[in-house]
Amino acid sequence: MKLLTLNCHSWHEEHQLDKIAHLVDTIIENSYDVISLQEVSQALAEEYVDGKVKKNNYAYVLLQELKKRGNDEYSMVWDLTHYIKNGTYEEGVAILTKHPIIQHRSFFVSQSEDYAVNWKTRRIIGATIKYKDKPYTFYSCHMGWWHDEVEPFKAQADKMFKKLNWDESFFLMGDFNNDASLKGEGYEYLLSHGLYDTYNLAEEKDEGITVKGKIAGWSNNKQDLRIDLILTNQPAQVDFSKVIFNNHNKMVVSDHYGVEAKVNL
């Protein structure tokens, strides 16, 4: 099974449509089974096309571009997390998959659930798919920061742990806003609660860095960061974990690089 996670920084990028086209090319080329996306935005004033999804929802636009290329394998689930750009955009998280979705769910992990007012509101979306006649659940996560005084990561992680079904096989994919190199903070907290990092399990891997320099949310950053992760609750055989969209493995499409992994289930 091939997985991809990407904080796509949607509708904030220069040459956004060109970058969407490049992402679509890569999806077709690599035929990912499950794609987890964060910062998946849509204009507040745009018209609805499907449930909560509006016409210029970034993930919906991806699907339409895939269909234009003759690829109609993928379906999506999306949910709203908070408003951005002075309330002109709705930001959310999404999962795209080419496998049958058995069920999907979403839940808040932030203390605040007032997404119209608090931009630090966080929600996780999950999709259970059928793969080789077995169910697997995938979550798209965009979490807060360890030292945040309003919405600290630890409280969000504790809330998430209670919402997960630990009896099933699941993957947590996304932007965790906690650098894997920092001791005693969010990354170690996740692993201490029974999660495995597919990067650590991978037979083949690169440096794993997904953010270089200063970006939104890391305005004082002075080091390379590994904050975009693919985690699982069960040890798995992982063929590779690679950073993508970093100008070495495909062109940059966001202020975050993506992570792709091949997992044997």
Side-chain angles (χ1 to χ4, degrees), residues 1-8 23-38 40 50-51 53 59-60 62-67 69-79 92-107 123-142 160-161 163-176 190-191 193-205 228-245 258-265:
M1 175 177 281
K2 296 185 74 173
L3 309 177
L4 170 69
T5 186
L6 175 69
N7 180 325
C8 46
L23 176 54
V24 168
D25 288 340
T26 306
I27 292 172
I28 293 172
E29 176 185 342
N30 292 326
S31 191
Y32 298 109
D33 293 279
V34 180
I35 302 166
S36 167
L37 300 174
Q38 305 81 49
V40 181
D50 184 13
V53 175
Y60 179 77
L62 281 181
L63 286 188
Q64 303 317 301
E65 289 300 313
L66 282 164
K67 289 177 181 178
R69 312 281 186 89
N71 186 314
D72 60 356
E73 291 182 293
Y74 290 90
S75 56
M76 65 174 276
V77 291
W78 176 89
D79 208 350
V93 286
I95 292 175
L96 277 61
T97 180
K98 60 180 183 177
H99 299 287
I101 297 175
I102 301 170
Q103 63 179 10
H104 61 86
R105 60 190 294 236
S106 68
F107 53 86
R123 192 200 306 256
I124 288 175
I125 194 163
T128 301
I129 68 168
K130 190 174 183 180
Y131 180 75
K132 294 183 177 179
D133 293 324
K134 293 183 179 180
Y136 296 92
T137 299
F138 296 84
Y139 294 95
S140 183
C141 310
H142 189 191
M160 176 184 71
F161 293 145
K163 294 284 188 178
L164 299 172
N165 180 1
W166 291 85
D167 293 328
E168 67 178 2
S169 178
F170 65 75
F171 289 81
L172 301 171
M173 306 165 63
D175 173 7
F176 290 85
L190 290 167
L191 299 194
H193 282 72
L195 295 173
Y196 299 85
D197 188 349
T198 55
Y199 177 83
N200 296 334
L201 298 173
E203 296 179 9
E204 178 187 348
K205 70 186 80 171
D228 300 88
L229 312 169
I230 299 177
L231 308 174
T232 182
N233 66 325
Q234 298 180 9
Q237 181 183 348
V238 182
D239 289 353
F240 65 76
S241 175
K242 298 177 183 178
V243 175
I244 191 170
F245 307 120
V259 176
E260 58 176 357
K262 185 178 180 182
V263 181
N264 289 315
L265 297 177

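Annotation: the span from Asp175 atom CG to His142 atom NE2 amounts to 4.0 Å, rounded to 0.5 Å. Atom CG in Asp197 sits 5.5 Å away from atom CG in Leu229 (nearest 0.5 Å). Once rounded to the nearest 0.5 Å, the distance linking OG1 of Thr198 with CD of Gln237 reads 13.0 Å.
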Open item on the list: Please determine whether side chain to side chain contact (heavy atoms under 4.5 Å, CB included) holds for the pair Phe176 and Asp228, giving the CA-CA distance in whole Å, both sets of side-chain angles, and the decisive distance to 0.1 Å.
Closed with: CA-CA 6 Å; Phe176 290 85; Asp228 300 88; over 6 Å; no

TODO: Go through Val93 and Val40 one step at a time and tell me if the side chain to side chain contact (heavy atoms under 4.5 Å, CB included) criterion holds.
DONE: CA-CA 6 Å; Val93 286; Val40 181; 5.7 Å; no

- [ ] For the pair Ile129 and Ile95, evaluate side chain to side chain contact (heavy atoms under 4.5 Å, CB included) and give the outcome as yes or no after the intermediate values.
- [x] CA-CA 11 Å; Ile129 68 168; Ile95 292 175; over 6 Å; no

Open item on the list: If you apply the rule side chain to side chain contact (heavy atoms under 4.5 Å, CB included), what do you find for Leu66 with Ile28, and how did you get there?
Closed with: CA-CA 8 Å; Leu66 282 164; Ile28 293 172; 3.6 Å; yes

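With a 4.5 Å cut-off on side-chain heavy atoms, Phe161 and Leu190 count as touching. Using a 4.5 Å heavy-atom threshold, the side chains of Leu265 and Lys132 count as separate. Residues Arg105 and Phe107 form a side-chain contact, since some pair of their non-hydrogen atoms from C-beta on lies under 4.5 Å apart. Contact of the Tyr60 side chain with the Met76 side chain is registered, since non-hydrogen atoms from C-beta on lie closer than 4.5 Å.
For the pair Lys67 and Asp72, the salt-bridge criterion is not met [side-chain N within less than 4.0 Å of a carboxylate O].
Under the 3.5 Å distance criterion, the side-chain polar atoms of Asn233 are matched with a main-chain donor or acceptor of Glu168. Between the Thr232 side chain and the Phe170 main chain, a donor and an acceptor come within less than 3.5 Å of each other.
Counting only residues at least two apart or on different chains, the side chain to side chain donor-acceptor pair (under 3.5 Å) pairs with a member in residues 25-37 are Asp25-Arg69, Glu29-Lys250, Asn30-Tyr32, Ser31-Lys98, Tyr32-Glu260, Asp33-His99, Ser36-Gln38, Ser36-Ser140.
Across all non-hydrogen atoms, the minimal contact from Trp78 to Gly92 is NE1-CA, 3.6 Å.
Checked against Leu4 for a side chain to side chain contact (heavy atoms under 4.5 Å, CB included), the options Ile35, Ile230, Leu96 give a single hit: Ile35. For the side chain to side chain contact (heavy atoms under 4.5 Å, CB included) test with Phe171, the passing option among Leu195, Leu231, Thr5, Val263 is Val263; the others fail.
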Which side-chain N or O atoms in residues 238-245 pair as donor and acceptor under 3.5 Å with protein atoms at least two apart or in another chain?
unit_1, atom_1, unit_2, atom_2, d
Asp239, OD1, Asn264, ND2, 2.9

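With sequence neighbours excluded, no residue forms a salt bridge (charged side-chain N to carboxylate O under 4.0 Å, His left out) with Glu203.
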